[in-house]
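Numbers restart at 1 for each chain; the letters A, B, ... are given by sequence-line order, proteins then strands.
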Amino acid sequence: MNYSPVLTAKSRHLFAKLLDYTQGKNLPKGKSLHAHLLKTGVFPSCPFMSNTLVNFYAKCHLFSEAHLAFVQISYKDTVSWNCLINAYSQLSLRCYSLSALELFKQMLQHHTLPNSHTFAGILSSAAMLEDSMIAQQAHSFVLKLVDSYDVFVYSSLLNVYCKLGDLISGQKVFDEMAEKNSVTWATMISGYASQRLTKEAFSVFRMMTAGGGEGVNEFVLTSLLSALVSSEFVDTGKQVHSLAVKTGLLSIVSVGNAVLTMYAKCDSLDDAVQAFELAIAKNSITWSAMITGYAQGGIAPNELTIASVLKACSSLSALEQGKQVHAHVVKNGFSLEVPIGSSLSTMYAKCGSLDDGNLIFTRMPARDVASWNAMISGLSQNGLGIKALELFEEMQLEGARPDYVTFVNILSACSHMGLVDRGWEYFKLMSDKFGEAPRIEHHACMVDILGRAGKLYEATEFIESATIEHGLCLWRILLSACRNHRNYELGAYAGEKLMELGSQESSAYVLLSSIYTALGRLHDVERVRRIMNLRGISKEPGCSWIELKSQVHVFVVGDQLHPQIQDVRSGLWRLSKLMKDEECSSILEELV
DNA sequence: GTAGGGTTAG
């Protein structure tokens with residue numbers, strides 16, 4: 001069946017909607033439009049509607065859906081292939097770059113002619129893989145198939161040569177380009193910067209700004225700043241810094257980070273610290289840069305700075321960097337008093353290095369409540385709940401006064417170990433002995449304790465008698481517990497409460513509708529879905545990643561793409577079987 | 001009518 005290339009007014013309207021959903025990553029609406037297009041036969045026979053659908057799933061990061069839609073398209077044209085190839089190459093992960101190249105091979109085998117859009121993606125995959133063979137092959141393809149000097153393709157080509165360290169070829173491509181834009185300039189500058197060719201990087205920048213400062217953006221500035229790598233450039237660095245202020249670009253986090261790093265590399269640690277303290281936006285890179293700056297600078301920061309850097313290490317679980325700071329503490333002869341001792345033990349405990357944390361903790365001349373809390377929570381989170389409770393007793397013997405955080409920690413320890421009575425005991429002790437009114441966190445812990453232990457009606461009664469605001473999260477915890485214990489009636493009750501209270505969490509709605517499905521109440525399933533749509537709540541695809549040998553592996557729900565996905569699945573199956581005996585398989589069942 | 005390129009740390 002061939003589809004007429006001319007769209008009716010109605011189809012044109014639907015097409016505009018699909019584009020709209022793609023931009024807004026509106027998964028539920030896009031999916032229901034997909035179903036409609038399938039019913040009317042527009043998908044998979046209408047080429048550009050189908051291509052847009054592939055792109056829609058790719059933009060929503062549902063790659064298996066995108067792949068499936070792509071496979072189903074009746075007549076795959078160049079754009080169909082490009083949608084999928086570029087979706088993979090944009091992920092900037094080695095395994096997906098390989099998938100992009102594999103698709104390109106298949107595209108050629110299907111006698112589909114690639115065009116400039118194809119090469120933009122293929123070249124960025126080649127850059128990701130730092131594969132010079134692929135780069136050269138793609139280059140000769142470009143010379144044959146892309147007639148004009150397409151600025152996208154040539155920027156990618158320039159980029160791949162820069163990544164390979166071949167600045168001769170890079171400069172040649174750069175010179176040949178008829179049209180240059182900010183991306184081109186930034187790429188050329190960063191190419192020279194990465195080879196520590198500071199003079200060349202700056203001469204490119206001067207060429208760029210010769211006709212006024214147009215086109216200077218955050219990419220250009222960060223690239224330029226990265227070229228300033230030693231103290232001889234500190235004055236130049238200050239000029240670039242002031243340019244960043246003048247243009248207002250300093251408020252962008254990447255620019256702020258680059259300024260900080262520049263000062264640290266130019267041995268101007270005071271300026272780096274000032275840049276850090278004045279930074280409007282900070283992220284993990286900011287902290288990382290500051291820590292490295294201290295580590296390389298050899299200048300001893302004061303106690304409070306060390307403490308705040310250690311705190312950053314804790315929240316980022318940055319054990320290696322935390323150790324670097326510890327080395328500084330030792331080298332510069334700081335004592336283990338508060339705040340340094342406290343933040344050090346906290347850092348080790350939060351990073352899961354309990355023995356080191358405990359060592360610091362016991363050596364401290366005096367401990368503040370934060371160090372007690374950190375050790376207690378470290379023990380509890382690493383499966384040593386009994387030890388956590390013992391430490392709580394020890395804390396009281398030493399005369400330290402527990403605060404509300406302490407109680408959150410010991411209640412969650414009780415929850416992990418299934419200690420219902422102890423939980424109640426501590427919950428009451430909190431107000432009776434220490435005059436601390438239980439907060440929402442403590443209520444949440446209690447619901448969790450009761451829920452895990454299967455005391456679902458007691459938990460319900462607890463929630464309904466609680467005189468505390470934000471009861472929403474309590475019902476949410478109960479709902480999960482009901483699902484785990486397969487008490488669907490009570491689960492439906494909790495779910496209805498959540499909807500009534502106007503929960504915005506997609507997972508609550510999904511759970512509730514799955515409970516109604518299990519109960520066979522299909523019109524209720526429909527009702528929940530309707531309310532969810534009405535309130536504009538969409539289900540974000542679950543995504544997780546781990547780092548192995550400096551390579552990040554990403555997994556999305558329904559993933560078919562990871563090269564070892566079969567091994568991962570069979571591994572999960574094995575684990576699930578093992579866990580069946582332990583009666584906790586419900587968590588894994590959803591994964592497999 | 002649908003698809004594309006670049007930066008900062010370690």
Ignoring hydrogens and angles, write down the donor-acceptor pairs under 3.5 Å from the side chains of residues 236-243 of chain A, residues two or more places apart or on other chains.
unit_1	atom_1	unit_2	atom_2	d
A/H241	ND1	A/Y263	OH	2.8
A/S242	OG	A/Q239	O	2.9

Problem set entry | Interface residues of residues 102-130 of chain A with DNA chain B (non-hydrogen, below 4.0 angstrom) | A/N115, A/S116, A/H117, A/A120, A/S124

For this session: Return yes if the base of B/dT8 and the side-chain atoms of A/S254 contain a donor-acceptor N/O pair under 3.5 Å, otherwise no.
Result: no

Roughly how many Å is it from [atom1] in [X] to [atom2] in [N], rounded to a whole number?
X	N	atom1	atom2	value
A/N181	B/dT7	CG	P	14 Å
A/N82	B/dG5	CG	P	11 Å
A/M290	B/dA9	CE	C1'	12 Å

Exercise. Does A/H117 have any side chain to side chain donor-acceptor pair (under 3.5 Å) partners at least two apart in sequence or in another chain, and if so, which?
Worked result: none

Atom pairs and distances, donor-acceptor, side-chain atoms in residues 211-221 of chain A, under 3.5 Å, two or more places apart:
unit_1	atom_1	unit_2	atom_2	d
A/N217	OD1	A/F219	N	3.1
A/N217	OD1	A/V220	N	3.0

For this session: Mind jotting down which residue pairs meet the ring-ring contact (aromatic ring centres under 6.0 Å, His included) criterion with at least one end in residues 147-183 of chain A? Sequence neighbours excluded, please.
Result: A/H139-A/Y161, A/Y149-A/Y154, A/F174-A/W185

Show me, pair by pair, the donor-acceptor contacts under 3.5 angstrom made by side chains of residues 128-137 of chain A, not counting sequence neighbours?
unit_1	atom_1	unit_2	atom_2	d
A/D131	OD1	A/M133	N	3.1
A/D131	OD1	A/I134	N	3.1

Exercise. Would you say a side-chain N or O of A/K163 is under 4.0 Å from OP1 or OP2 of B/dG5?
Worked result: no

For this session: Taking only the side-chain nitrogens and oxygens of A/Q90, find out if one of them lies under 4.0 Å from OP1 or OP2 of B/dG5.
Result: yes

